[in-house]
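Step one of this worksheet: look at the structure below.
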2 protein chains.
Amino acid sequence: MRYSIGQAARKTGLTTHTLRYYEKEGLLPFVKKSGSGLRVFSDGDIGWLEMIECLKGTGMPLKGIKQYIDWFIEGDSTLPQRLEMFQKQKKNLEEQIALLQKHMAKIDYKIRLYAKAVELGSLEKARIDKGLQKEQQKIYGADSFSTSEDAKQTTR
Amino acid sequence: MRYSIGQAARKTGLTTHTLRYYEKEGLLPFVKKSGSGLRVFSDGDIGWLEMIECLKGTGMPLKGIKQYIDWFIEGDSTLPQRLEMFQKQKKNLEEQIALLQKHMAKIDYKIRLYAKAVELGSLEKARIDKGLQKEQQKIYGADSFSTSEDAKQTTR
DNA sequence: ATAATCTTTAGAGTTAACTTTAAGTCAAGA
DNA sequence: TCTTGACTTAAAGTTAACTCTAAAGATTAT
C-alpha cells in the first residue's frame with residue numbers, strides 16, 4: 001500500500017507537520033516522492049514510524065534514533081552497534097518501569113490518604129488515622145516517616 | 001534538620017539552579033530564608049521535593065504540580081480536587097506502564113533479531129531464520145508481519 | 001583575617017521537539 | 001472549469017524545563 005502524507009499521519013497519529021519535520025531530521029530516508037513532488041509513504045515507512053515511536057516513547061532522543069537509522073543504512077558492518085543500542089535501551093526501560101512502579105506506590109498511598117481525608121473532611125484527621133499511619137510506614141520505612149510532605153507540613 | 005540550598009540539592013539530586021527555579025515557579029512555598037537572606041530547607045521541604053519528583057516523573061507538568069501545591073495551601077476545601085488529581089495520575093501511570101511494556105516486547109524482539117544477525121553476520125539471514133519469524137508473528141500478529149521495519153525494508 | 005567556597009538576584013541563553021506561517025502548487029469532485 | 005482540500009518549501013515562532021552569567025554578599029576553614 002501507498003499513502004499520502006495525510007494518510008500516513010492518520011495511520012500513525014502524528015501530524016503532517018511532524019512527519020515533514022522527521023524527514024528533515026533524517027528519520028525517514030526511505031520515503032519516496034511522486035513525479036509531482038508529493039511524498040509517498042509505503043507500509044515499510046509506517047513500520048519505521050512505529051519503531052521511531054517505540055524508541056521515542058522509551059526516552060531516546062531523535063538524534064539517537066537517527067543514529068540507528070544511519071547504522072541501518074550503513075549495513076551489516078554496524079550490526080553490533082545496533083544490538084548494543086537495543087540492549088542499552090532495554091536496560092533503560094527496565095529502570096524506567098521500576099521507577100514508575102515506585103512512583104505508583106507513592107501515588108497509591110496518597111489516594112488512600114486523600115480518600116480518608118475526604119471521608120473525614122480533614123487531611124489532619126486522615127493522617128492521624130492509625131491504619132494509614134501503619135501503611136505509610138510499610139511503604140516508606142519507619143525511619144523515613146517524615147518523608148511524606150503532607151505529614152511534614154505539620155512540623156513547621 | 002535544616003539544609004542550605006547546596007545540601008538540599010545534593011540530597012535530592014537536583015541542582016541549586018533548579019531549586020531556585022522551582023521556588024520561582026511557586027513549587028516551594030514553604031522554604032524559609034535566614035536572617036541574611038539564605039534559603040533554609042527543612043526535611044518537610046525535602047519531602048515536598050520528593051513528591052514533586054514523583055509527579056514530574058510520572059509526566060505531570062510543573063504547572064499541574066503547582067496547582068496541587070496551591071490546593072494544599074488552600075486547605076481542606078480542596079481535598080476532593082486533590083484526590084481526583086491523584087486518581088487521574090494513577091490512571092495515566094497505569095497506561096504509561098502498559099505502553100512501556102508493549103515497547104519492551106518490540107525491543108526484546110529486536111534484541112533477538114540482532115543477536116541472531118550478529119551471529120550470522122547478516123540481518124537478512126537472521127530475518128529468514130525460521131524460529132525468529134515464528135516468534136515475530138506471535139508478537140505482532142500474523143497479519144501485521146510487515147510492521148517490522150527491518151523486514152519491510154526488503155520490499156522496497 | 002583572609003582565602004576559598006557558597007549563596008544571592010535578575011535576567012539572558014539553551015535545548016528538544018515540535019508548531020505555525022506564508023505563499024504558493026497539485027488533484028479530485030460537481 | 002471551478003472550487004475545495006491536500007500538499008509543497010523555507011523559515012520563524014513556541015513551549016517546557018531548565019541552565020548559565022555576572023556581580024555582589026555570606027559562611028567556613030585555617
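Letters A, B, ... mirror the listed sequences (proteins, then strands); counts begin at 1.
In this structure, B:Tyr21 atom OH and C:dT14 atom P are separated by 17 Å, rounded to whole Å. Taking atom CD1 of residue B:Ile5 and atom P of nucleotide D:dT27, one finds them 15 Å apart after rounding to whole Å. In this structure, B:Phe41 atom CZ and C:dT7 atom P are separated by 10 Å, rounded to whole Å. Taking atom NZ on B:Lys56 and atom P on D:dA17, their separation rounds to 8 Å, with Å as the unit. D:dA16 atom C1' lies 8 Å from atom CG of B:Leu62, rounded to whole Å. Taking atom CG on B:Leu28 and atom P on C:dT8, their separation rounds to 12 Å, with Å as the unit. Atom-to-atom, CD1 of A:Ile52 to C1' of C:dA16 comes out at 16 Å; the value is rounded to the nearest Å. The CD1-C1' distance, from B:Ile65 to D:dA16, rounds to 12 Å in whole Å.
Using a 4.0 Å cut-off between charged nitrogen and carboxylate oxygen, B:Arg39 and B:Glu23 count as a salt-bridge pair. By the 4.0 Å N-to-carboxylate-O rule, B:Glu94 lies too far from B:Lys91 to be salt-bridged with it. Ion pairing of B:Lys125 with B:Asp129 is absent here, as no side-chain N (NZ or NE/NH1/NH2) approaches a carboxylate O to less than 4.0 Å. Electrostatic pairing of A:Asp70 and A:Lys66 counts as a salt bridge here, judged by a charged N lying under 4.0 Å from a carboxylate O.
Here the side chains of A:Leu19 and A:Phe41 are in contact, with some heavy-atom distance below 4.5 Å. Side-chain contact between A:Tyr3 and A:Val40 is absent, with no heavy atoms from C-beta onward closer than 4.5 Å. No side-chain heavy atom of B:Lys90 sits under 4.5 Å from any side-chain heavy atom of B:Gln87. The shortest distance between side-chain heavy atoms of A:Leu62 and A:Tyr21 falls below 4.5 Å.
Put simply, A:Tyr22 has a side-chain N or O that comes within less than 4.0 Å of OP1 or OP2 on C:dC18. Contact annotation: B:Ser4 reaches the phosphate of C:dT7 (side-chain N/O to OP1 or OP2, under 4.0 Å).
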With the criterion being N/O to N/O and under 3.5 Å, what pairs connect the protein with nucleotides 2-4 of chain D, and how long is each?
none

Taking N or O atoms only and anything under 3.5 Å, show me the protein contacts with nucleotides 9-15 of chain D, one pair per line.
{"from": "D:dT9", "atom 1": "OP1", "to": "A:Lys33", "atom 2": "NZ", "distance (Å)": "2.9"}
{"from": "D:dT9", "atom 1": "OP2", "to": "A:Arg39", "atom 2": "NH1", "distance (Å)": "3.0"}
{"from": "D:dT9", "atom 1": "OP2", "to": "A:Arg39", "atom 2": "NH2", "distance (Å)": "2.6"}

Are any protein N/O atoms closer than 3.5 Å to N/O atoms in nucleotides 22-26 of chain D? If there are, list each pair with its distance.
{"from": "D:dA26", "atom 1": "O3'", "to": "B:Ser36", "atom 2": "OG", "distance (Å)": "3.0"}

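When all heavy atoms of B:Ala126 and B:Leu113 are compared, the pair lying nearest together is CB-O, 3.7 Å.
Note: B:Tyr68 and B:Trp48 have tilted aromatic rings, judged against thresholds of 30 and 60 degrees for the angle between ring planes.
Nucleic acid contact for A:Thr15: none, since no nucleic acid atom lies under 4.0 Å from a heavy atom of the residue.
For the atom pair CD (B:Glu50) and OG1 (B:Thr12), the distance works out to 8.5 Å, reported to the nearest 0.5 Å.
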